[in-house]
Enquirer: 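First, the structure itself, so that you have it in front of you.
What's counted below: heavy atoms across the whole structure, side chains too, no hydrogens, waters or symmetry copies.
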Amino acid sequence: MPTMPGGSIIAWGSVFGGIGVPPETTVVFFCVSPVLDMFETMTNVFCNITSSVLLAKKFDMLDEKIYNIE
């Protein structure tokens, strides 16, 4: 998928055209794509933060006193 907002709709149009579905059906995804994109972004950010913390902890680079401050 292209790394730009709404770029997946362009990719879906070419994929649908390749499998025989009319590319005009991508209009349906104009209303669905922003909602799905929010969840995709949330998942990406969560995984990036989690992997950074886990790697920092594994290599003893995590200052747990600062990390656990309330």
Enquirer: To the nearest 0.5 angstrom, please state how far the CG atom of Leu54 sits from the CD1 atom of Ile49.
Expert: 12.0 Å
Enquirer: Spell out, yes or no, whether Met38 and Val45 are grouped together once hydrophobic residues are joined by side-chain heavy atoms under 4.5 Å, including indirect joins.
Expert: no
Enquirer: Taking everything shown except Met61 itself, do over 12 heavy atoms lie less than 6.0 Å from its CE?
Expert: no
Enquirer: Apply side-chain contact (heavy atoms from CB on, under 4.5 Å) to Val15 and list each qualifying residue two or more places apart in sequence or on a separate chain.
Expert: none
Enquirer: Rounded to the nearest 0.5 Å, what separates atom CG in Asn68 from atom CG in Leu62?
Expert: 8.0 Å
